[in-house]
Amino acid sequence: HFQGTVLHNASFQQVQLQNTGDENAVPVADIVADIRRQFAPRRIYILAFHQDTHDHCSTAGLWRHLYLQKRLKEPSELLMDPQHYNVVLHIRRGDVQNSVGDNRRVKPVTYFQTILHRILGLMRNATRPVDVHVFSLGLINLGKALQRDLPGSEVHINSPHGVTFHTFMMADVLVTSESKFSHLAALLSQNIKFAVAPFQYRVDCDDLWIQTDAKGNFDELHFL
């Protein structure tokens with residue numbers, strides 16, 4: 001929160017971010033040092049991250065670094081056991097007005113059932129216990145319905161946004177919805193993430209992204 005005295009007569013400068021997504025990327029420390037060299041009194045620096053930009057793949061490394069640095073100073077709770085393999089599903093329901101079938105962003109439960117069934121089959125020889133967590137927004141009855149439709153999963157309804165985001169990002173396997181929220185968590189994640197294609201944002205930044213069709217089918221060899 002900025003006080004009026006801070007912004008009064010201040011100038012703004014947008015910082016052009018360099019590519020941080022490949023082996024020739026400029027180190028984050030060098031980017032920060034360059035910004036500091038440009039420091040001038042009463043100037044506010046803006047790191048561009050517009051949520052409706054199609055492609056954030058090249059700068060994901062920078063945002064991941066900044067986020068994890070923040071978590072070192074302010075640790076976040078995890079809604080899963082980090083000693084287990086955790087499969088996390090984000091199922092959009094109460095955060096959109098349209099019902100299933102009226103909005104393509106609201107996927108039917110069969111989409112998630114198909115993906116989950118195939119993931120668990122591929123992980124049947126896992127060396128650690130496999131836990132399934134389902135996250136959504138809505139009324140208590142939604143939680144009961146998801147528990148019925150996805151038996152064996154732990155359902156989280158209306159969990160705090162910050163904790164939910166951190167859990168998404170740290171999951172071993174994240175199944176996203178057509179959502180900016182879970183897409184950003186997937187973008188920062190360094191683990192496996194599923195996303196339907198096509199989507200308004202890139203979902204092929206690296207080999208950790210697995211694209212599905214509208215029914216939940218995907219290339220199992222990619223997962224392995």
Under 3.5 Å, which donor-acceptor pairs do the side chains of residues 138-155 form with other protein atoms, sequence neighbours left out?
from, atom 1, to, atom 2, distance (Å)
Gln147, NE2, Ser153, O, 2.6
Ser153, OG, Leu150, O, 2.5

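- Atom-to-atom distance recorded for Met80:CE and Tyr85:OH is 13.5 Å, nearest 0.5 angstrom.
- In this structure, CD on Glu178 lies 8.5 Å from CZ on Arg92, to the nearest 0.5 angstrom.
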Residue pair His56, Tyr201: steps toward the side-chain contact (heavy atoms from CB on, under 4.5 Å) verdict: CA-CA 8 Å; His56 286 297; Tyr201 308 121; 5.5 Å; no
Stepwise side-chain contact (heavy atoms from CB on, under 4.5 Å) test for Phe199 and Thr176: CA-CA 11 Å; Phe199 186 39; Thr176 66; over 6 Å; no
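- Here Asp172 pairs with nothing under the side chain to side chain donor-acceptor pair (under 3.5 Å) rule; sequence neighbours left out.
- The side-chain hydrogen bond (donor to acceptor under 3.5 Å, both in side chains) pairs that include a residue from residues 182-193 are His90-Ser182, where partners are two or more places apart or lie in different chains.
- Dense packing is recorded around NE2 of His84, with more than 12 heavy atoms of other residues, nucleotides or ligands lying under 6.0 Å away.
- Rounding to the nearest 0.5 Å places CG of Leu66 at 10.5 Å from OG1 of Thr59.
- Applying the disulfide (SG to SG under 2.5 Å) test to pairs two or more places apart or on separate chains, those with a residue in residues 188-224 are Cys57-Cys205.
- Residues satisfying the side chain to side chain contact (heavy atoms under 4.5 Å, CB included) criterion with Ala197, sequence neighbours excluded, are Val203, Gln211.
- Residues passing the side chain to side chain donor-acceptor pair (under 3.5 Å) test with Gln83: none are found, sequence neighbours excluded.
- Atom CZ in Arg93 sits 6.5 Å away from atom OG in Ser136 (nearest 0.5 Å).
- With sequence neighbours excluded, the residues that form a side chain to side chain donor-acceptor pair (under 3.5 Å) with Thr164 are Ser159.
- Pairs passing the salt bridge (Lys or Arg N to Asp or Glu O under 4.0 Å) check and including a residue from residues 124-137, sequence neighbours excluded, do not occur.
- Separation of atoms CD1 (Ile210) and CD1 (Ile119) is listed at 7.5 Å; rounding is to 0.5 Å.
- For His166, the side chain to side chain donor-acceptor pair (under 3.5 Å) partners are Tyr67, not counting sequence neighbours.
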Working for side-chain contact (heavy atoms from CB on, under 4.5 Å), residues Leu120 and Val132: CA-CA 9 Å; Leu120 294 180; Val132 178; 4.0 Å; yes
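- Put simply, CD on Gln69 and CG on Leu72 are 5.5 Å apart, with the number rounded to the nearest 0.5 Å.
- At a threshold of 4.5 Å between non-hydrogen side-chain atoms, the residues Lys107 and Val196 count as touching.
- For the side chain to side chain contact (heavy atoms under 4.5 Å, CB included) criterion with Phe168, the lone passing option out of Leu184, Leu188, Val175, Val88 is Val88.
- The two residues Arg71 and Ser76 have their closest heavy-atom pair at CD-CB, 3.8 Å.
- Contact check for Met123 versus Val87: side-chain heavy atoms found under the 4.5 Å cut-off.
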Step-by-step side-chain contact (heavy atoms from CB on, under 4.5 Å) determination, Met170 to Leu78: CA-CA 8 Å; Met170 302 305 292; Leu78 275 176; 4.0 Å; yes
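- Of all heavy-atom pairs spanning His161 and Phe181, the tightest one is O-CZ, 3.5 Å.
- Annotation: salt bridge (charged side-chain N to carboxylate O under 4.0 Å, His left out) contacts of Asp204 (sequence neighbours excluded): Arg202.
- Residues satisfying the salt bridge (charged side-chain N to carboxylate O under 4.0 Å, His left out) test with Arg64, not counting sequence neighbours, are none.
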Taking only distance into account, with no hydrogens and no angle test, what donor-acceptor pairs under 3.5 Å do side-chain atoms of residues 216-224 form with protein atoms, sequence neighbours excluded?
from, atom 1, to, atom 2, distance (Å)
Asn217, OD1, Arg118, NH1, 3.4
Asn217, ND2, Asp213, OD2, 3.2
Asp219, OD1, Leu221, N, 3.0
Glu220, OE2, Arg118, NE, 2.9
Glu220, OE2, Arg118, NH2, 3.1
His222, NE2, Asp207, O, 2.8
His222, NE2, Trp209, O, 3.3

